[in-house]
Protein chains: 2
Amino acid sequence: MTDFTILGFLAYGPKSGYDIKRLMAMSTAHFYQASYGSIYPALGRMEKEGLVAAGRADGSRRLRRVYEILPAGRAALAQWLGSPLDIAKGPAFLLARLFFLGCLAPGEASEAIQGFKDAAGKRRAWLEGATEGLPQQPDFFQASTQRFGLEYYAFLESWLDRLGKDAAGRRKRSSAKAKPKEGS
Amino acid sequence: MTDFTILGFLAYGPKSGYDIKRLMAMSTAHFYQASYGSIYPALGRMEKEGLVAAGRADGSRRLRRVYEILPAGRAALAQWLGSPLDIAKGPAFLLARLFFLGCLAPGEASEAIQGFKDAAGKRRAWLEGATEGLPQQPDFFQASTQRFGLEYYAFLESWLDRLGKDAAGRRKRSSAKAKPKEGS
DNA sequence: TTATTCATGTAATTTGTTACATGATTCT
DNA sequence: AGAATCATGTAACAAATTACATGAATAA
């Protein structure tokens, strides 16, 4: 997740490793935060891979290695954002995608949300089937964890459904603003 | 999490590493599953630490190293179940505790649930505060991840509240069965 | 007899955290 | 002058995964 989160931040403008750490602490801390021990090596690796480019900061300042994202980096980010999500890995992985969905075209973002919703739905269906596979009757708390799964994925599905609709609504409104509206 | 999950399964009876893997696939797969590369080394380590003891399986069978939990292992398990939970690590860590809460006395289990609920509440309050610390106005999707956090922790809190009440109700009913009820 | 399942284990690799090392710049 | 913050990086350690190696017992 580290690499893509870094690319996501760089997609909004050039930043140093230090900047990225500070931004994470401010805005993504509730689902993900990387240490310098992850960030700096990741930046170095991605530079070698041609995803980002390092430049020095403007003139008089102290050592500040400012990275900017390259086209290959944008492509990798977009590919990640659109790739199938393993919803079972927990909400952090979902939120990391969601947070940077603004980097995609509105249509692609909506498709991605739909994909996340489908993933939650599939997982819930799987859990429903898995519950029957249990050999002995589970105790109260074991049954509860099973029920939690079902209710959690239902929550996710309805939340993502609403998000998809809100995003579509936003899209409609902004295109209506762009072109003067017809009718009414 | 591996060690405690293994201890949790052993608390219900002696098992081999292979048994534990199979049980995980059947009953905890939706939130946690360990590989042999985690399970066997963990069993070996915990044997050295005096938490579990290995015996051979009864008589004629092939090589089967069956482990049983020792009092020190039960103590470690109970301590883990009652220790403060970092709710931000995701639902898997909550569910791992919940799944084995039947290993505690009913009163202790209720206390643990209350602790989990408090953790979710604190986290939600922290998130509410953190939202205001944001410097620039976030874009639509960035604001959405923030909102998700708030709604997710609210969901967790109310779910755990209901679980606590159900568990308490169960406790009352079973003690009422034990002693014939007084009044009415 | 051959494939599958039972059964245990190790080695290489991955991924990340924590702590340390270093030093410039700005604030008090 | 001294403390705090800016800024980058490395080394030691931790925890797990994947893939490999091995072989007995059972079902086809």
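Chain letters run A, B, ... following the sequence lines, proteins first and then strands; every chain starts at 1. Note that this is a predicted model, so its numbers are computed, not measured. Below, each value reflects all heavy atoms present in this structure, side chains not excepted, and no hydrogens, waters or symmetry copies.
Here C:dT10 presents its C1' atom at 15 Å from CD1 of B:Ile39, a figure rounded to the nearest Å. C:dT10 atom C1' lies 15 Å from atom CZ of B:Arg45, rounded to whole Å. Counting to the nearest Å, the C1' atom of C:dA7 and the OH atom of B:Tyr67 are 12 Å from each other. Remark: P of D:dT17 and CD of B:Gln33 are 9 Å apart, rounded to the nearest angstrom. Atom NZ in A:Lys89 sits roughly 15 Å away from atom P in D:dA16 (whole-Å rounding). Atom CG in A:Leu43 sits roughly 14 Å away from atom P in D:dA7 (whole-Å rounding). Regarding A:Met24, its CE atom lies at a distance of 13 Å from the C1' atom of C:dG16, rounded to whole Å. One can place CD1 of B:Ile20 at 13 Å from P of C:dA7, the figure rounded to the nearest angstrom.
OP1 or OP2 of D:dT8 has not a single side-chain nitrogen or oxygen of A:Tyr18 nearer than 4.0 Å. A close approach under 4.0 Å does occur between a side-chain nitrogen or oxygen of B:Thr2 and OP1 or OP2 of D:dA16. Distances shorter than 4.0 Å separate none of the side-chain N or O atoms of B:Tyr36 from OP1 or OP2 on C:dG9. Between A:Ser38 and C:dT17, a side-chain N or O to OP1/OP2 separation shorter than 4.0 Å is present. Residue B:Arg65 has a polar side-chain atom (N or O) positioned under 4.0 Å from OP1 or OP2 of C:dG9.
Between A:Arg170 and A:Asp166, no side-chain nitrogen of the basic residue sits less than 4.0 Å from a carboxylate oxygen of the acidic one, so the salt-bridge criterion is not met. The residues A:Glu151 and B:Arg162 are annotated as salt-bridged, a charged nitrogen and a carboxylate oxygen being separated by less than 4.0 angstrom.
Side chains of A:Ser16 and A:Asp19: a donor-acceptor N/O pair is present below 3.5 angstrom, by distance only.
Classification of the B:Phe155-A:Tyr152 ring pair by plane angle, with boundaries at 30° and 60°, yields tilted. Ring geometry, B:Phe100 versus B:Phe9: the interplanar angle exceeds 60°, so the pair is classed perpendicular (tilted spans 30 to 60°).
The side chain of A:Ser35 has C:dT18 as its nearest neighbour among C:dT8, C:dT18, D:dT8.
Figure legend: cation-pi geometry between B:Lys21 and B:Tyr36, with NZ or CZ positioned under 6.0 Å from the six-membered ring centre and within 45° of its axis.
Backbone-only engagement by B:Gly17 is indicated by non-hydrogen atom pairs under 4.0 Å involving sugar-phosphate atoms exclusively.
Across its full length, the helix from C:dT1-D:dA28 to C:dT28-D:dA1 shows an angle of 20° between the axes of its 5 terminal pairs at either end, rounded to 10 degrees.
Side-chain contact between B:Met24 and B:Ile20 is present, with at least one heavy-atom pair separated by less than 4.5 Å.
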